[in-house]
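Whatever order the structure lists them in is the order used to number ligands and atoms, beginning at 1.
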Amino acid sequence: MTTPTEAAIRTEVRAWLEANWRPDLGLVEWRQKLATSGWGVPHWPTAWHGRDLPEALNAAIEDEFTRIGAIGVAKAGIRTLAAATILAHGTDLQKQKYLLPILTGEDTWCQLFSEPGSGSDVAGAVTRADFRGNQWVVNGQKVWTTSAHKAHWGLLLARTDWDQPKHRGLSYFIIDMKQPGVTVHPLRQMNGHASFNQVFLTDAVVPPEMIVSTVGDGWTVTTTTLMHERRGADGLRSWGQGSDHPGRAYDEERAEIATTMEPYRWYPQRAGRVDLVLPRAVETGAIHNPATRQEIAKLLILAKSAEWTARRARAAKEQGRPQGPEGSLGKLASSLIARAAARVHTQISGASALLAGADGPHDGIIAEILLSVPATSIAGGTDEIQRNIIAERVLKMPREASDDSKKPFRDVPRNTVG
Ligand SMILES: Cc1cc2nc3c(=O)[nH]c(=O)nc-3n(C[C@H](O)[C@H](O)[C@H](O)COP(=O)(O)OP(=O)(O)OC[C@H]3O[C@@H](n4cnc5c(N)ncnc54)[C@H](O)[C@@H]3O)c2cc1C
């Protein structure tokens with residue numbers, strides 16, 4: 001089958017939107033319509049709410065949505081990582097049950113990977129899943145779990161075999177977060193938001209059909225989720241505000257942003273808000289300081305080159321070429337940019353950058369940037385871990401010395417019990 005041209009696709013999606021988009025529809029009803037049409041996720045398989053179109057056409061399609069003001073499928077949050085993982089490794093039953101409510105925004109998800117003793121070393125998980133009777137029974141503790149307090153479903157990494165080496169004794173499950181045995185305790189961050197949680201699992205139950213892939217294949221599935229997270233597939237780097245148009249669908253989207261998506265409100269600030277740097281420099285007069293100008297120029301150059309590198313990676317992917325080093329560099333680059341932006345914001349605003357809330361510059365946004373940026377170099381794998389990945393996989397340098405990956409996990413020294 002030949003790929004249609006961008007112009008043909010634009011004509012087709014425009015006609016469909018003009019015939020079907022109505023702001024007076026309920027948000028879920030509209031998104032169901034979108035999922036049925038395949039225009040909500042056109043790069044997904046036709047069998048699963050998509051149109052099998054190349055990702056390269058997504059930008060043009062989104063452009064048509066913006067032109068008419070139509071709302072897209074729900075894209076922000078861990079749900080996007082769940083969808084990518086289920087599409088890659090899930091059974092048809094799982095795809096049937098979970099993909100549609102992900103797209104309509106009815107279901108929210110969380111990622112139960114990190115534990116008190118295993119964050120960077122996520123394969124060192126000691127949360128256990130034991131097969132008893134005809135179901136999996138899960139016991140353990142997770143931490144840093146974004147949105148667990150809102151989530152219907154969790155992506156759970158748990159140990160199912162202690163006699164296998166570390167990476168081979170893990171399995172990956174979909175767990176119901178609203179069942180007895182799952183206790184969620186919110187944690188408050190230094191920026192005042194509370195998007196993380198500790199999650200305690202005590203005899204929580206997972207039916208056998210909710211394992212993703214096979215027993216012992218959890219590490220492979222986890223790698224898929226992390227790969228999408230590191231490429232920014234959680235849709236949060238660009239996630240912003242709803243529109244101020246009138247209409248039921250818009251009202252419901254605004255309500256969704258205010259409630260379900262509330263844990264992510266500070267995410268634009270954690271990326272450093274490079275967009276605010278020049279306007280702030282002009283507004284405060286800091287633009288006339290040659291030293292500050294120099295720092296602004298360095299930051300904008302860094303941000304632009306990261307953007308072009310990301311575009312190169314996307315273009316390579318769209319043309320079916322193997323991924324080059326660009327993909328691995330993106331996450332590290334975003335963390336360097338966020339920190340550089342926080343430094344420049346401090347230079348521009350001076351000591352008043354420390355003032356939070358309405359007293360602070362830009363209604364406290366500058367203070368929030370300073371308190372949120374450190375998260376960028378931790379979430380989804382720290383800068384050091386990214387550097388290890390680049391060293392080993394891109395530069396082909398020797399792997400970190402360790403014999404942990406060969407022995408049975410129960411014999412590996414660790415600082416937590418399992
Ligand atoms: C905003 C945010 C959202 C998050 N959301 C989630 C979530 O939803 N679900 C979830 O499961 N987790 C989540 N996390 C947790 C995150 O994945 C972990 O914090 C991260 O992987 C680091 O693990 P850790 O905190 O245990 O630090 P550690 O692994 O204890 O690391 C401590 C320090 O040691 C360094 N270090 C560790 N190992 C090495 C090594 N081999 N070589 C060199 N240096 C090393 C690290 O770089 C770091 O500086 C989130 C974190 C943040 C900040």
Please write down residue, atom name and distance for the protein heavy atom closest to atom 39 (C) of ligand 1.
-> I385 CD1, 3.8 Å
Tell me: protein heavy atom nearest atom 8 (O) of ligand 1, and distance?
-> T146 N, 3.1 Å
Any side-chain donor-acceptor pair under 3.5 Å between Q347 and E295?
-> no
Give the residue, atom name and distance (to 0.1 Å) of the protein heavy atom nearest atom 44 (N) of ligand 1.
-> E384 CB, 3.4 Å
With a cut-off of 4.0 Å, which atoms of ligand 1 are near a heavy atom of F196?
-> 1 (C), 2 (C), 3 (C), 4 (C), 52 (C)
Y250 ring center within less than 6.0 Å of W21 ring center | yes
Give the contacting part of D383 toward ligand 1: side chain, backbone, both or neither, where contact means a heavy-atom distance below 4.0 Å.
-> neither
Nearest neighbour of atom 13 (C) of ligand 1 from the list W144, W266, W109, on a heavy-atom basis | W144
Give the numbers and elements of all ligand 1 atoms closer than 4.0 Å to a heavy atom of F113.
-> 11 (O)
Could you list which atoms of ligand 1 come closer than 4.0 Å to a heavy atom of S114?
-> 10 (C), 11 (O), 12 (N), 13 (C), 15 (C), 16 (C), 17 (O), 18 (C)
Taking atom 33 (C) of ligand 1 as the reference point, report whether a protein heavy atom occurs under 4.0 Å from it.
-> no
What do you reckon, does R270 put a non-hydrogen atom under 4.0 Å from ligand 1?
-> yes
Can you find a side-chain donor-acceptor pair between S171 and W136 that sits under 3.5 Å?
-> no
Classify the side-chain pair Q189/S195 by whether it contains a donor and acceptor separated by less than 3.5 Å.
-> yes
Who's the nearest protein heavy-atom neighbour of atom 40 (C) of ligand 1, and how far?
-> N388 ND2, 3.7 Å
Short check: is a protein heavy atom less than 4.0 Å from atom 30 (O) of ligand 1?
-> no
Looking at T224, T85, D217, which one forms a side chain to side chain contact (heavy atoms under 4.5 Å, CB included) with Y172?
-> T85
Which residue holds the protein heavy atom closest to atom 26 (O) of ligand 1, what is that atom called, and what is the gap in Å?
-> G119 CA, 3.2 Å
In terms of ring plane angle, is the pair W153 and W109 parallel, tilted or perpendicular, where the classes change at 30° and 60°?
-> tilted
What is the closest protein heavy atom to atom 37 (C) of ligand 1, and at what distance does it sit?
-> S120 OG, 3.5 Å
Test of proximity, Y267 against ligand 1: N or O pairs below 3.5 Å = no
So which heavy atom on P398 is nearest to which on E392, and how close?
-> O-CG, 4.1 Å
Numbered in order shown, the ligand 1 atoms found under 4.0 Å of a heavy atom of Q111 are 7 (C), 8 (O), 9 (N), 10 (C), 11 (O)
Answer yes if the side chains of Q94 and H89 hold a donor-acceptor pair under 3.5 Å, and no otherwise.
-> no
May I ask you to decide if the ring planes of W44 and H49 are parallel, tilted or perpendicular, using 30° and 60° as cut-offs?
-> tilted
Atom 41 (N) of ligand 1: which protein heavy atom is closest, and how many Å away?
-> E400 OE1, 3.2 Å
When you measure from the side chain of R273 to the backbone N and O of P268, does any donor-acceptor pair fall under 3.5 Å?
-> no
Considering only heavy atoms of A375, which atoms of ligand 1 have at least one such atom less than 4.0 Å away?
-> 1 (C), 53 (C)
Within a distance under 4.0 Å of any heavy atom of T382, pick out the atoms of ligand 1 and give their elements.
-> 22 (C), 46 (C), 47 (O)
Where I337 and A306 come nearest, the two heavy atoms and their spacing | CD1-CB, 3.5 Å
Hey, are T145 and N197 close enough side-chain-wise for a donor-acceptor pair under 3.5 Å?
-> no
Protein contact to atom 20 (C) of ligand 1 [nearest heavy atom, distance to 0.1 Å] = I378 O, 3.6 Å
